[in-house]
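Below: the structure, in C-alpha cells.
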Protein chains: 2
Amino acid sequence: MISGLLPGPGTGTKPARGVPQATVARLPVYHEALGRLFAGHVEVVSSTALAEAAGVSPSQLRKDLSCLGTYGTRGVGYDVARLQRQIATHIGAASEWPVVIVGVGHLGTALANYAGFAARGFTLVALVDPAPARIGTSIQGITVSALTDLEEVVRNTGAVIAVVATPADAAQEVTDRLVHQGVTSILNFASTPLVVPEGVNVRKVDLGQELAILAFHEQRKVEEVS
Amino acid sequence: MISGLLPGPGTGTKPARGVPQATVARLPVYHEALGRLFAGHVEVVSSTALAEAAGVSPSQLRKDLSCLGTYGTRGVGYDVARLQRQIATHIGAASEWPVVIVGVGHLGTALANYAGFAARGFTLVALVDPAPARIGTSIQGITVSALTDLEEVVRNTGAVIAVVATPADAAQEVTDRLVHQGVTSILNFASTPLVVPEGVNVRKVDLGQELAILAFHEQRKVEEVS
DNA sequence: TAGTGTGAATGCCTTCACAGCT
DNA sequence: AGCTGTGAAGGCATTCACACTA
C-alpha cells in the first residue's frame, strides 16, 4: 500500500531519533508478521523469509532493523521472540495506551468492536457521541458519553490517543477540544484534513480516498486499451 | 498526517503515465477539498488557498496539478468547478465503479453503510460473507450472498474493485478467488499482506498499524523526558 | 556456507526560486 | 501586481553489493 505519504504542515513530526518516517510506518508490520510466525512455532527467521511475510524486500527489512540496533545472528537469522520484543518496546506496543473514540456511528462502532485493539496494547477507555439515542448505550462494556462531556472524559481517562470518527464538519472542532485537553495523537477517519499545533501527530485514514486511488489505476487500465 | 507508503512487491504499480505515485495519492484529497470549496460557493481559488484546504504546501499542489496539464490562470488562480472536473476524469471519479465487499462483520457493515461511497462514484453491488446468520440479510438494499457464491457474484456484477474485510486468515484465499474472477483492485482491511499477480493493485488499510505508529510517537515523547 | 549489517549508488519526491502569463 | 508553471537543487528512501561473522 502505498499508504501514501502526506507530511503536511503542523503535524509535529520531527527527526524521530534517527529512525526514518518510512521505517516507523513499517515496524508495526514486522511486529505483526513476527506474531504470525511465532504462532506458527517458528523460532528463527531469515531476513528473506520475514520480508516475504511482511510484504517488503529483504534489503529494506535489514536496513529498517539496523535502525533499532543489531539483533540478528549472521549466518543464522533473527530470533523471532526476541526481535518481536525489541520492536515492541521501540514502537510502544509494550505499554498500555488508553484510547478515546469520538463519534459512534457505523464506523465508530466497528472500531470499538475491533478485536485487534486490545491485542496490540490499546485499551478503549471511552466513547463519545452527540446523539441522545446513543448516549448511555454500551459497546464492549464502555458506556457512550455525551459530546458535551468530552473534556471531562479525556481528563478522567488520561488518554493521549484519540480516534476521530465524526462527520467531516465536526472533526476540526472535536480535534481542537481534544488537543486542548492534552491529546497528542489523533487517528482521523473524517474526510477533511485536521489542523493541529506543533507536537501533535495526526494520521488520516480515508476510505473514499483509498478507493479513489484504486479507481485511478483502473481508469489507467481502461485508457491503455485505447 | 503522514499516511504511510509501503509499495511492496507484487502490487503491480507501474510508471503510471508520468504521474508519480505520491501525486496520485493526493489527487483525491484535492478533489475532495474542491468539493468543499464549491459547496461554499467559491468559484476561483489560488494555489495557496487550495493547498491549505487540502493540507499540503502550495508548491507541491502546483507541481501535482502540472502533471495533469495546465488548468490555472496566471495572476488569478484555478476555476474550482473546472479543476474539479479535470481531476475527476483523471482519477476516474467521473465513472461509476461497481464494488464488492467480502466480509460483513462490524467493519464490513460500517463500510457498506459508508455514505461517501456513492458520492464518489462507487456503487456497492454485492456483499459476501460465510456466516449463515448473515446470508440473506440486507444492508443498504444489498442482500448478503454466501461466500461459496463469490465467483458467481463477481461474474454477475462485473466488479473489478473489491474490499476485503475478512479475518486475516481468510484474506489470501478470498483474494485469490477474486483475482481469478478478474478483480484487479483490492482494498485490504485484513492485517496481513496480500500476494497478488502483476497488474493487480492492492491498498492496505490497517487500523492497528495506524494506532501503532501513533503509539511510536507517543513512546518517543515519553522517552524524551528522560 | 549462509545470512546479517552497512556504505555507496540510484531514484523518487519535495522544496525553492523565478521566469512568464493575465 | 499577482499567481501559475517549471527547471534546478536538495533531501529521503530504496536498492545494490559486499565486507564481515557465526
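Worth saying up front: this structure is predicted, and the values here are computed from it rather than measured. So you know, we letter chains A, B, ... as the sequences are listed, proteins then strands, and number each from 1.
The shortest distance between side-chain heavy atoms of A:Phe122 and A:Ile161 falls below 4.5 Å. Using a 4.5 Å heavy-atom threshold, the side chains of B:His106 and A:Tyr114 count as separate. Under the 4.5 Å side-chain criterion, counting only non-hydrogen atoms from C-beta, B:Gln209 is in contact with A:Val29. Put simply, the side chain of B:Tyr78 does not reach to within 4.5 Å of the side chain of B:Leu34, judged on heavy atoms.
With sequence neighbours left out, the salt bridge (charged side-chain N to carboxylate O under 4.0 Å, His left out) criterion links A:Arg62 to no other residue. Under the salt bridge (charged side-chain N to carboxylate O under 4.0 Å, His left out) criterion, A:Glu173 pairs with A:Arg177, sequence neighbours left out. Contacts of B:Ala51 classified as side-chain contact (heavy atoms from CB on, under 4.5 Å), with partners at least two apart in sequence or in another chain: B:Val56, B:Pro58, B:Leu61. In this structure B:Asn188 satisfies the side-chain hydrogen bond (donor to acceptor under 3.5 Å, both in side chains) test with no other residue, sequence neighbours excluded. Partners of A:Glu218 under the salt bridge (charged side-chain N to carboxylate O under 4.0 Å, His left out) rule, at least two apart in sequence or in another chain, are A:Lys221.
Applying the salt bridge (Lys or Arg N to Asp or Glu O under 4.0 Å) test to pairs two or more places apart or on separate chains, none has a residue in residues 39-49 of chain B. The salt bridge (Lys or Arg N to Asp or Glu O under 4.0 Å) pairs that include a residue from residues 83-95 of chain A number zero, where partners must be two or more places apart or lie in different chains.
Rounded to whole Å, atom P of D:dA13 lies 13 Å from atom CG of A:Leu27. Distance, A:Gln21 CD to C:dC13 P: 17 Å, rounded to whole Å. Summarising the geometry, the separation between CD on B:Gln60 and P on C:dC12 is reported as 17 Å, rounded to the nearest angstrom.
Contacts between residues 33-41 of chain B and DNA chain D, defined by a heavy-atom separation under 4.0 Å, are absent. Residues of residues 61-75 of chain B that place a heavy atom closer than 4.0 Å to DNA chain D, in numerical order, are B:Arg62, B:Lys63, B:Ser66, B:Thr70, B:Tyr71, B:Gly72, B:Thr73, B:Arg74, B:Gly75. Within a heavy-atom distance below 4.0 Å of DNA chain D, no residue of residues 76-84 of chain A is found.
Applying the 4.0 Å criterion to OP1 and OP2 of C:dG3, one finds that A:Ser47 has every side-chain N and O outside that range. The side chain of A:Ser57 contributes an N or O atom lying less than 4.0 Å from OP1 or OP2 of D:dT15.
Atom CD of A:Gln181 is surrounded by more than 12 heavy atoms from other residues, nucleotides or ligands within 6.0 Å.
Summary of helix geometry: the two end axes of the helix from C:dT1-D:dA22 to C:dT22-D:dA1, each defined by five base pairs via their C1' atoms, are inclined to each other by 10° (rounded to 10°).
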Run the side-chain donor-acceptor check on residues 87-97 of chain A: report pairs under 3.5 Å with partners two or more places apart or on a different chain.
unit_1  : atom_1 : unit_2   : atom_2 : d
A:Thr89 : OG1    : A:Gln86  : O      : 2.8
A:Glu96 : OE1    : A:Thr123 : OG1    : 2.4
A:Trp97 : NE1    : A:Gly92  : O      : 2.8

